[in-house]
Amino acid sequence: MSSRVEILNDGGYRSDGRRQYELRDITIDLSPRGTADGSAMITHGLTEVMVDVFGPREAKLRGQTLHDRALLTVEVGIVPFSTGERRKRNRGDKRILELAATIKQTFEPIVQTNLYPRSEISIFVSVLQQDGGLLPASINATTLALLTAGIPMTDYVTAITCGVHSTAPLLDLTTLEENDLPHLTVASLPRTFKVTLVAMETRLHVERVSECMKIAGEAGKVLHQEMKRAVEARTKRLVQAMDMAPRIGGVGGGVDRDVDMDEDNQT
Amino acid sequence: MSALISISKAEKSYIQSALEATPPLREDGRSLYDFRSVLLATGVAPLANGSARLNIGKSPEEGGGGTEVLAATKLEVETVDGADAVDGGRIVCTVACSPAAYPHLSPNALDDLQHDYTTTLHQVISHPSLHPKNLGILRGKKAWLLNLDLVVLSDAGNVYDALFMAARAAMWDTKVPATRAVQYTAKGGNAKKPADEIEKMETEGDAPSGFDTRQIPSATDFDLPDYWDEGEVLSGRDMWPLCVTLNIHSSAYFLDASLKEEAAAPLKLIVAFAFPSTSPPRVQAVRLLGPGDVPHTRLKSLVSEAGKYAQEMYNALEVKLRDEDFRRNQKARNRFAQR
């Protein structure tokens, strides 16, 4: 009758052919970009987010520095052609500021900022394409970018959206589903099973929340595996490259990679 | 515009004296007129009408580095009686710089830089001499607004050339949806009768009808025919200009400067050329940027030299664009047929 899309049909399939708990495919690219210390690009379904991390470095605005820990700054940029309708969002846009603040709050307890007093860690998020799950994709990409930058964190942060269609929970919503369903975004720590962010902008029945949280936690573990695999592959490549490079001033083979400064000076 | 990075006096003189040596030397071993490798892909933004991603100087081993620009066009329908809308459509270019490309710049400085790039690009690309013919929908009523958005994702020098190349590729890739004029008649069974193609409607208006007011095109609206094709290409797509930046240092000049070289030789001459298929190349814009001066007598030879390099760049890009077209249409269709 109506032209509305069926969110979940009788066969248990969603509008893009996925099952209830099925995630869209994720591609992770950790190749370095520009002068960034760490960068990651995540393609989650049709959502594409690129994150660059700079730091720890001297703060751009010296007045903002904190004497006991590093300052975390997040800037979000959304390219105008990332959505169906062209829309130019400026830096001062409320939506963008909110997204940046949410990412910042998510990572503040995880990043060990107390190791770098009076410095700044800047995170630049650029959104190239959006099809639902913008916040989770940004959080996942930020985790990976921080990891590639070598910034100490207590755990991975993995985020996912979970929506509810009548009583059936759905994972990883597209824009189409996000517009129609109440949903919450959960960022969890897969090793300690803690949650650092729960965001919801719509109404959801109390009885559904616990189920959603449970499933989102499970999905977080799956994401963790995926992200860990990408990080490990990158590290393996780096180690190989280090082995191949000629050692400067060293006499030993490529076995001991840690070069002691004093020892190196003596030879 | 000052240099984007600051280098020490010693490094500056090192780069400068290397450029003055015989033979001239550059930090990455290129000769003065060599470009770094240019990578291009079109159709990278699925929601845009045309798009391209361009990289100059990506390092082959690490898979990173280089100047990277993303360009995309998006078409919007405008009602001509609006404030900005123009009959026959218009083009608006916007350049945005990712803060990750310029991590040391303050937000205000970044805005200034974006504005510099936007102005140059908009002035050249939206010039009436390059305006495509098929951006009008209904004469005097509706027209397409073409938004060309460019994003500088990372800067490793020579941004202007990259911006123009990416803009050209994105415009080349742009498809304008086919439209059909619709007119309403009061009487009769079919209240909504599709009129002829839009081209026909326009010639109808030109009919020397004297005082016969019935000849005025009565189409009031348009619809998009449901068709598998994305539409026709933007007319005059061979015309979109390319730009060559000559970085001038004392009596010599060099192409495709890296960031450090731009800081050491801040005077640059930017020349944009269009290459019409029937007539000789046209100079679309000339800008002299940075501190310093060029003797009047030298300018002419510099512009003609730039034309030579622009022609080479044009030929190479043309081959690549046709190749991309082939990859995305012909090959994709073959692959689909083989399944």
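Per chain, numbering begins at 1; letters A, B, ... match sequence-line order. Keep in mind the model is a prediction, meaning the values are calculated, not measured.
- Taking B:Gly66, B:Ser154, B:Ala100, B:Pro107 one by one and counting their heavy-atom pairs under 4.5 Å with chain A, the maximum is reached by B:Ala100.
- Among A:Glu85, A:Arg33, A:Lys60, A:Glu48, the residue with the largest count of heavy-atom pairs under 4.5 Å with chain B is A:Lys60.
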Test side-chain contact (heavy atoms from CB on, under 4.5 Å) applied to B:Thr73 and A:Arg86, step by step
CA-CA 10 Å; B:Thr73 58; A:Arg86 180 185 181 273; over 6 Å; no
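- Within a 6.0 Å sphere centred on NE2 of B:His115, heavy atoms belonging to other residues, nucleotides or ligands number 12 at most.
- Annotation: maximal heavy-atom pairing with chain B below 4.5 Å, among A:Val53, A:Thr83, A:Val51, A:Leu61, occurs at A:Thr83.
- Looking only at heavy-atom pairs under 4.5 Å with chain A, the residue among B:Pro46, B:Pro103, B:Ala48, B:Ala156 that has the most is B:Pro103.
- Contact check for A:Gln129 versus B:Val44: no side-chain heavy atoms found under the 4.5 Å cut-off.
- For the atom pair CZ of A:Arg57 and NE2 of B:His104, the computed distance is 9.5 Å after rounding to the nearest 0.5 Å.
- Going from atom CG of B:Leu70 over to atom OG of A:Ser126 covers 10.0 Å, rounded to the nearest 0.5 Å.
- Neither the backbone nor the side chain of A:Arg237 comes within contact range of chain B, judged by heavy atoms closer than 4.5 Å.
- Looking at B:Lys74, its side chain never comes within 3.5 Å of a backbone N or O of A:Arg87 through a donor-acceptor pair.
- Only the side chain of A:Thr35 comes within contact range of chain B, with heavy atoms under 4.5 Å apart.
- For B:Phe35, the CZ atom is densely surrounded, since the number of other residues' heavy atoms within 6.0 Å is greater than 12.
- There is no contact between B:Ala101 and chain A, counting heavy-atom distances below 4.5 Å.
- Residues A:Lys88 and B:Asp149 are not paired through a salt bridge, judged by the lack of any N-O separation under 4.0 Å between the basic side chain and the carboxylate.
- The residue from B:Asn147, B:Val151, B:Leu47 that alone fulfils the side-chain contact (heavy atoms from CB on, under 4.5 Å) condition with A:Phe81 is B:Val151.
- Atom NZ of B:Lys260 sits in a sparse spot, with 12 or fewer heavy atoms from other residues, nucleotides or ligands closer than 6.0 Å.
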